[in-house]
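Report on the structure given below.
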Amino acid sequence: MIKAIFFDIDGTLVSFKTHQIPESTFLALKKLKENNIKIFIATGRGKDGLFVLKDFEFDGYITLNGQYCYTKDKIIYENTINKNDLTHLLSYLEVHPFPCGFTEENTKYFNMRDERVDEIHAITHNDDHPAGDCSQVIHHKVYQCMCFVNEKEEKELLKVMPHCIAARWHPLFCDISPIGGTKQNGIDQFLKYYDIDLSETMAFGDGGNDKQMLEHVAVSVAMGNANDELKQMADYVSDDVDHDGIVKALQHYHLI
């Protein structure tokens with residue numbers, strides 16, 4: 001019996017075409033709640049990017065790829081980037097400049113912007129944050145960095161940030177996060193909080209940063225627009241977000 005379902009946002013709940021959650025998906029989420037199934041967000045977005053949910057209330061929110069997890073009433077778990085790693089990142093940026101977004105609890109800001117940042121914002125409608133001096137970032141609580149580097153550059157970057165890991169869902173950038181906070185860990189935090197067993201869980205995703213989450217839960221669903229690796233390891237491959245993929249998978253498992 002499924003008692004808890006975890007949903008990625010971009011490409012899963014939210015369409016890359018319309019930048020919105022289909023009305024059919026909202027109706028399905030409402031039915032899940034009526035059937036006493038707890039529903040959770042599991043996203044790389046921060047709190048400031050959850051406007052796409054249109055105030056629809058979930059039982060919990062795994063944000064910033066697991067670095068900041070909370071309910072409407074309390075913080076369940078938080079994990080910030082090591083200050084030495086931030087210092088090394090700033091030094092690295094002086095020699096190898098690239099756009100980098102620093103995410104705090106309620107906001108994000110960039111050291112610089114270029115066409116790569118604008119291209120991602122055109123997809124997410126969530127990355128129009130300002131650019132400016134980030135030298136004081138080491139004195140702030142930073143949960144995640146959005147680094148516009150390729151996979152080869154990502155490996156070099158992690159060498160100077162040894163307390164961090166990387167995840168990407170797009171070739172233009174990766175999210176750099178502190179070790180210990182993942183979507184998988186966020187799931188475990190909420191299962192403990194609500195006293196739900198892992199065998200009673202399901203998750204939906206479409207990107208590389210969903211792989212650990214889908215491997216972890218009892219039932220994994222890859223959206224039709226997911227990458228091939230995710231489709232191959234998922235228990236069920238549904239339709240894409242623009243063709244009622246959430247609804248069809250939930251109906252397949254007789255959950256709505």
So is Lys30 actually on top of Phe56's ring, under 6.0 Å and inside 45° of the axis?
no
Does Ser238 reach the side chain of Ile246, with side-chain heavy atoms less than 4.5 Å apart?
no
In terms of side-chain geometry, is the basic nitrogen of Asp48 or Lys108 positioned less than 4.0 Å from the acidic oxygen of its partner?
no
Looking at His243, I want to see if its NE2 is surrounded by more than 12 non-hydrogen atoms of other residues, nucleotides or ligands under 6.0 Å.
no
Full working for side-chain hydrogen bond (donor to acceptor under 3.5 Å, both in side chains) between Thr124 and Asp10
CA-CA 7 Å; Thr124 66; Asp10 294 295; 5.8 Å; no
Taking side chain as C-beta onward, heavy atoms only, is Ile62 less than 4.5 Å from Tyr70?
no
Is it true that Phe190 and Ile39 fall in one hydrophobic cluster, defined by side-chain heavy atoms closer than 4.5 Å?
no
So how far is it from Asp244 CG to Gln251 CD, rounded to the nearest 0.5 Å?
8.5 Å
I'd like to know if the side chain of His121 reaches the main chain of Asp127, judged simply by a donor and an acceptor atom lying under 3.5 Å from each other, with no hydrogens or angles considered.
yes
Carefully, step by step, assess Ser177 and Asn65 under the rule side-chain hydrogen bond (donor to acceptor under 3.5 Å, both in side chains).
CA-CA 8 Å; Ser177 308; Asn65 290 315; 4.6 Å; no
With a 4.5 Å heavy-atom cut-off, do His216 and Ile187 have their side chains touching?
yes
Minimal heavy-atom distance between Asp242 and Lys17, with the atoms involved, is OD2-CD, 3.5 Å
Would you confirm whether the ring centroid of Tyr61 sits within less than 6.0 angstrom of the ring centroid of Phe40?
no
Under 3.5 Å, side chain of Glu78 to main-chain N/O of Gln67, donor-acceptor pair present?
no
Minimum heavy-atom distance Ser135-Leu90, with the two atoms named
O-CD1, 4.0 Å
Let's go through Leu158 and Lys155 carefully: what are the C-alpha distance in whole Å and the side-chain angles of both, what is the deciding distance for side-chain contact (heavy atoms from CB on, under 4.5 Å) to 0.1 Å, and is it a yes or a no?
CA-CA 5 Å; Leu158 288 177; Lys155 293 178 181 178; 6.0 Å; no
If we only count heavy atoms from C-beta on, is the Val219 to Tyr236 side-chain gap below 4.5 Å?
no
Test of ring centre spacing under 6.0 Å for Phe110 and Phe102:
no
Given side chains that start at C-beta, do those of Val149 and Cys174 come closer than 4.5 Å, heavy atoms only?
yes
Quick one: pull up NZ in Lys183 and CG in Asp188 and give me the separation to the nearest 0.5 Å.
14.5 Å
Do Thr43 and Asp8 have side-chain N/O donor and acceptor atoms under 3.5 Å apart?
no
When rounded to the nearest 0.5 Å, the distance separating CG of Leu64 from NZ of Lys47 is 10.5 Å
Check Asp85 against Pro162 and note the closest heavy-atom contact, atom names and distance.
OD1-CD, 3.4 Å
Phe173 and His170 aromatic ring geometry - parallel, tilted or perpendicular at 30°/60° bounds
parallel
Please tell me whether Met223 and Trp169 are part of a single hydrophobic cluster in this structure, the criterion being side-chain heavy atoms less than 4.5 Å apart.
no
Cationic tip of Lys31 within the cone over Phe26's six-membered ring, i.e. under 6.0 Å and within 45° of the normal?
no
Decide yes or no on side-chain hydrogen bond (donor to acceptor under 3.5 Å, both in side chains) for Tyr68 and Glu105, but give the supporting numbers first.
CA-CA 8 Å; Tyr68 191 83; Glu105 180 179 7; 2.4 Å; yes
Heavy-atom donor-acceptor pair, His88 side chain to Val160 backbone, under 3.5 Å
yes
Does the side-chain hydrogen bond (donor to acceptor under 3.5 Å, both in side chains) test come out yes or no for His163 and Asn84, once each step is laid out?
CA-CA 9 Å; His163 305 95; Asn84 286 332; over 6 Å; no
Looking at Ala28 and Val247, what are the two nearest heavy atoms and their distance?
CB-CG2, 4.0 Å
Validation row, ring centre Phe98 to ring centre Phe148 under 6.0 Å:
no
With rounding to the nearest 0.5 Å, note down the distance linking CG in Asn150 to CZ in Arg168.
7.0 Å
For the CD1 atom of Ile5 and the OG1 atom of Thr201, what is their distance to the nearest 0.5 Å?
9.5 Å
Would you mind reporting whether Phe16 and Asp206 have side-chain heavy atoms less than 4.5 Å apart?
yes
Could you see if Phe6 belongs to whatever hydrophobic cluster contains Tyr193? Use Ile, Leu, Val, Met, Phe, Trp, Tyr and a side-chain cutoff under 4.5 Å.
yes
Hydrophobic clusters here meaning ILVMFWY residues chained together by side-chain heavy-atom distances under 4.5 Å, can you tell me if Tyr253 and Phe204 are in one?
yes
Pairing of Lys152 and Glu156 as salt bridge, 4.0 angstrom limit:
no
Test item: side-chain donor near acceptor, Tyr143 and Glu104, under 3.5 Å:
no
Of the non-hydrogen atoms in Leu86 and Cys145, which two are nearest, and what is the gap between them?
CD2-SG, 4.2 Å
Glu229, CD atom: more than 12 neighbouring heavy atoms under 6.0 Å
no
For the CD1 atom of Ile165 and the OG1 atom of Thr182, what is their distance to the nearest 0.5 Å?
6.5 Å
Identify which one of Ile196, Asp197, Asn36 satisfies the side chain to side chain contact (heavy atoms under 4.5 Å, CB included) criterion when paired with Lys3.
Ile196
For Ala203 versus Met213, what's the shortest heavy-atom pair and its separation?
CB-CG, 3.8 Å
Could you walk me through whether Val52 and Ile9 pass the side-chain contact (heavy atoms from CB on, under 4.5 Å) check?
CA-CA 9 Å; Val52 291; Ile9 290 183; 4.0 Å; yes
Carefully, step by step, assess Leu29 and Lys33 under the rule side-chain contact (heavy atoms from CB on, under 4.5 Å).
CA-CA 6 Å; Leu29 294 173; Lys33 296 182 76 169; 5.8 Å; no
Could you check Val142 against Lys83 for side-chain contact (heavy atoms from CB on, under 4.5 Å), going step by step and ending with a plain yes or no?
CA-CA 9 Å; Val142 177; Lys83 290 190 181 299; over 6 Å; no
Any Asp59 side-chain heavy atom under 4.5 Å of Tyr194 side chain
yes
Counting only N and O atoms by type, is there a donor-acceptor contact under 3.5 Å from the side chain of Asn79 to the main-chain atoms of Ile179?
yes
Can Asp73 and Thr71 be counted as having a side-chain donor-acceptor contact under 3.5 angstrom?
no
Less than 4.5 Å apart, side chain to side chain, heavy atoms only: is that true for Leu89 and Cys100?
yes
Hey, any chance Ile37 and Leu13 share a hydrophobic cluster, counting ILVMFWY side chains that come within less than 4.5 Å of each other, even indirectly?
yes
